[in-house]
Student: 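The following block contains the structure, expressed as structure tokens.
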Amino acid sequence: MKKIFLISGLILMSVFFMTLIASQEAMYCAERTTYGASCQNVPLSEVNTNYRYDRTSCAATSYCSSGTCVNTLTGECLPSTSTACDPEQGGFFYSLPKDEVAQCQVGCCLLGDGAALIERVRCDTLGKDYNVQATFRGDIQDELMCLALASPEAKGACVFETDRGRDCRTITRGECQSSAGEFHEGFLCTAPELGTICARTQRTTCVEGKNEVYYMDSCGNIANIYDANKVDDIAYWSYVPGVEGVEVSVGDGRGNRGSAIYGYCDYLMGSTCKKYTRSIDSVAPRYGDYICRDLGCPARDLLTSGRYRDHGEEWCSEPISNFENAKPGQLSYLLYCYDGEVHYELCDSFRNKLCYQNTTTGAAGCIVNQWMQCIEQNSTKDCKEIGDCKVVTGANVLRTAYGTEKLLRDSESGKDIIAACVPKYTPGFKFWDPSATILDGSTEGTPISICNFASIVCFVPYTQEVAYITTWRAGASDECVAACKEIESWSSAKCYEACTPVCFDDTLGSKNANATINASWATSWQNLCVSLGDCGISSNYLGGEGYNKWKDLFLGDKIDWTTLPNADSKR
Amino acid sequence: MKGKRGQVTIFIIIAILIVGLALFFFLVMPNLNIRTSFDEKNPQAFIQNCLDTKIQDSIEIISLQGGSVHPEHYFEYNDINIQYLCYTNENYKTCLIQKPLLKQNIEFEIENDIREDVVACFNALKENYESRNYNVNLETGRTNVELLPKRVVVSFDYILTVSKGSADRYDSFNVILNNNLYELISIANSIVEWEATVGEADPRLYMTYYPDLKVEKNLRDDGTRIYILTDKNIGNRFQFASRSLVFPPGY
């Protein structure tokens, strides 16, 4: 005689059941979709039939195949489709990747007195746009070598005779010659031997395109970098750095943030020239109104987690380890401080990317949460090595052909154990939108939710060997044992053991007694359930408890629920 | 009874006056807008004054909408429809650049958007001369918009000949605006290239290279990213949408 207990809907959230859109729609390459996008693979209903379209992949069409679009007017080379690269607007399409198009070859572009490593076609256009001489050197591919070729024109003092006396401007030799001035290379206008009307001052200024604080002479010329110790230094006010032993002091070598004395700011080190503001800058410059402003983010900023952050410093909203048992709504952000402002980026709305910070280098970034292949792993070793996976013992989402839980090979002992390889960092999904949680219908064919992976129906046949004398014992179904023997070629005893369910206690007091849930089995399934995603019973990331209790997810008749762990928990 | 009739008449007269005033404001006021200061020796200044605000507005709208006056394929963000510059409707795939000729597209959009105002301003210029008893000949031509480093130049191939005794010919009309759209578009193209090849761009890279640039990246639920580029010195902003290398939720 058999008594069958049914536990159905374990971890089953009926809300996740939905109708699968199983019909495989034919896909078309649309030159233009109904919503205005170009070159997309879409169903016919989304094709704008006023444009070209074919029942094939876009990669196989002439008009939407990928290549490189050279913008002959701006000199930019971008990956594109031929249809978007309109020749009438100056586009020229090549059916080649960018690095195989000669015009898009990267080399050293000598532009005026500067240099940059850019594409050949871009070099020509920048020369026109900025109205300077452009020379392209395709043989130079190294950035440092390219920058070394830049030849900024030497500056010096250009003296003019005027009604007011000997006026002076700090400009290049070429500019001075075209102004009919008298050029003195390496000199500043305040050099006493030039006898100009320009004098030293205590005034300072910022210069566009530069980070440092500069002295300014009485004629408004930019002099050397601000250094309070050299406010009256004749040589410092006479020559540019490198001439007659004049040197610029780098101060603390770390950008001189908030220094009253030095103006050698460094953007990469976290400072730049700004007008002194009492409410922002802690220290006033000894001379002038400009200072190396600290570009760090103050601790009072809500996003700095209560600590001062350096300019360029990056960090995560919380450590990646916090996502091992992520709650619904728990998201990972990358934060960084730039120019006194904290910026933040959401890594992914569904935890498919998480912020990771290297504890040694301090570098932080969003990395892919590699959980997708976890479930299909066959051994604990593979599980740990494949990506972001972990082993949960006592339960498995996969089934054997004869209906038992598939075993996982324990790589250390060599034995097969009941365990599952599941995501280490719990992924999320639109649990509020059942239609968004389905599997790909083309591969599965039946409607199923993610959480339903962790659902199980456990049939337990109880038998009494000697009527009215021996106890009722859990056993295996004959069908399961037979199938097991055929598939695995195991002995009857081994198959009987494999086919005997463990969800209830293996004995039953009487024929009509309630079965008692095996607490360890239930715990394993609870763990498996919450590891798969936003499944099971959980509080949200703010601590708000869920709508259901674990008890609501374990269903069945004639069951003693007292041994169910966390039965009344909603979190 | 007579009193009541009188009241009705007064009401009718008031109603006619209100309608008349409304018509006046709706029909005549637009023309008043382009009555800017007129110096008969400097028609270029008149055109500059007349079109300056319109061109600035047009550039601002186009910049906030990803380079289009009326975005066709867009993501709505903060009540603004932002054009996709790179897009794929598929998951796990990088996007396709939708506007590889962005600079030309924007120049064309600005040109189209200001077309009516250009005609109105030149007509107003002509009328101003005529009202001062000049014989006026206005040859209309093309409007060219050019985005250049740190400026936007709008030039008009119009030829204006005015005569009152002696004749004067003016054939150089343009409006120049200080604007960094050229630079922002160049950065946008670079970001779009990253989106199309790698899947996304890193704002930190750009902010390190360009201290005056602020780059924001906002990820939306469907995988769309909104990039906002701001010139910190003059406040120009350019924003656009991209959908690339999207990992969908679930298995």
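Note on naming: letters A, B, ... go to the chains in the order of the sequence lines (proteins, then strands), and numbering restarts at 1 for each one.
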Student: What do the steps show when you test A:S66 against B:L96 for side chain to side chain contact (heavy atoms under 4.5 Å, CB included), and what is the final call?
Tutor: CA-CA 8 Å; A:S66 293; B:L96 277 167; 4.0 Å; yes
Student: Side chain to side chain contact (heavy atoms under 4.5 Å, CB included) between A:K98 and B:E193: does it pass, once the steps are laid out?
Tutor: CA-CA 11 Å; A:K98 183 177 163 178; B:E193 188 177 0; 2.5 Å; yes
Student: Given a strict heavy-atom distance threshold of 4.5 Å, which part of A:C366 is in contact with chain B: side chain, backbone, both, or neither?
Tutor: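 The answer is neither part of A:C366.
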Student: Any sub-3.5 Å donor-acceptor pair from A:Q89's side-chain atoms to B:Q104's backbone N or O?
Tutor: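 Answer holds: no.
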Student: Checking heavy atoms, do the side chain of B:E107, its backbone, both or neither come under 4.5 Å from chain A?
Tutor: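 Contact with chain A involves no heavy atom of B:E107 at all.
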Student: Count the heavy atoms belonging to other residues, nucleotides or ligands that lie under 6.0 Å from OH of B:Y210, then report whether that count exceeds 12.
Tutor: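 No - once you tally the heavy atoms of other residues, nucleotides and ligands closer than 6.0 Å, there are 12 at most.
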Student: Name the region of A:Y35, side chain, backbone, both or neither, that has any atom closer than 4.5 Å to a heavy atom of chain B.
Tutor: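 Its backbone and side chain both get close to chain B.
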Student: Considering only heavy atoms, give the residues of residues 77-91 of chain B separated from chain A by less than 4.5 Å, sorted numerically, with 'none' for an empty result.
Tutor: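 At a heavy-atom separation under 4.5 Å, chain A is reached by B:Y87, B:T88, B:N89, B:E90.
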Student: If I compare all heavy atoms of A:F429 with all of B:P249, which pair ends up nearest, and what's the gap?
Tutor: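 Smallest heavy-atom distance, with atoms named: CA-CB, 3.8 Å.
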Student: For chain A, which of B:R220, B:E146, B:R225, B:K232 has the most heavy-atom pairs under 4.5 Å?
Tutor: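 Option with the top pair count is B:K232.
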Student: Below 4.5 Å from any heavy atom of chain A, which atoms of B:V215 appear? Answer side chain, backbone, both or neither.
Tutor: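 Contact with chain A: backbone only.
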Student: I would like to know whether B:R204 and A:L334 meet side chain to side chain contact (heavy atoms under 4.5 Å, CB included); could you show each step before the answer?
Tutor: CA-CA 11 Å; B:R204 292 172 289 182; A:L334 167 67; 3.7 Å; yes
Student: Quick check on A:L346 against chain B: is it the side chain, the backbone, both or neither that has a heavy atom closer than 4.5 Å?
Tutor: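 Its backbone and side chain both get close to chain B.
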Student: Contact part of A:C39 toward chain B, heavy-atom cut-off under 4.5 Å: side chain, backbone, both or neither?
Tutor: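 Contact with chain B involves both backbone and side-chain atoms of A:C39.
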Student: B:L101 versus chain A, heavy atoms under 4.5 Å apart: side chain, backbone, both or neither?
Tutor: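 Interface part for B:L101: both.
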Student: Rounded to the nearest 0.5 Å, what's the gap from CG on A:L73 to NZ on B:K103? Could you check?
Tutor: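 Between A:L73 CG and B:K103 NZ, I get 6.5 Å after rounding to 0.5 Å.
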Student: When rounded to the nearest 0.5 angstrom, what is the spacing between CD in B:E72 and CZ in A:R32?
Tutor: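 Between B:E72 CD and A:R32 CZ, I get 5.0 Å after rounding to 0.5 Å.
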Student: At what distance, to the nearest 0.5 angstrom, does NZ of B:K99 lie from OG of A:S38?
Tutor: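 Those atoms lie 8.0 Å apart.
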Student: Side chain from CB out, backbone as N, CA, C, O: work out which of these in A:N71 comes under 4.5 Å of a heavy atom of chain B, or both, or neither.
Tutor: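 Both backbone and side chain of A:N71 come within 4.5 Å of chain B.
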Student: By a 4.5 Å heavy-atom criterion (distance strictly below it), what part of B:Y74 contacts chain A: side chain, backbone, both, or neither?
Tutor: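 Contact with chain A: none, neither part.
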Student: Could you go through the side chain to side chain contact (heavy atoms under 4.5 Å, CB included) check for A:E76 and B:S186 one step at a time?
Tutor: CA-CA 9 Å; A:E76 286 162 317; B:S186 180; 4.2 Å; yes
Student: Side chain, backbone, both or neither: which part of A:C64 has a non-hydrogen atom closer than 4.5 Å to chain B?
Tutor: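 Neither part; nothing is under 4.5 Å.
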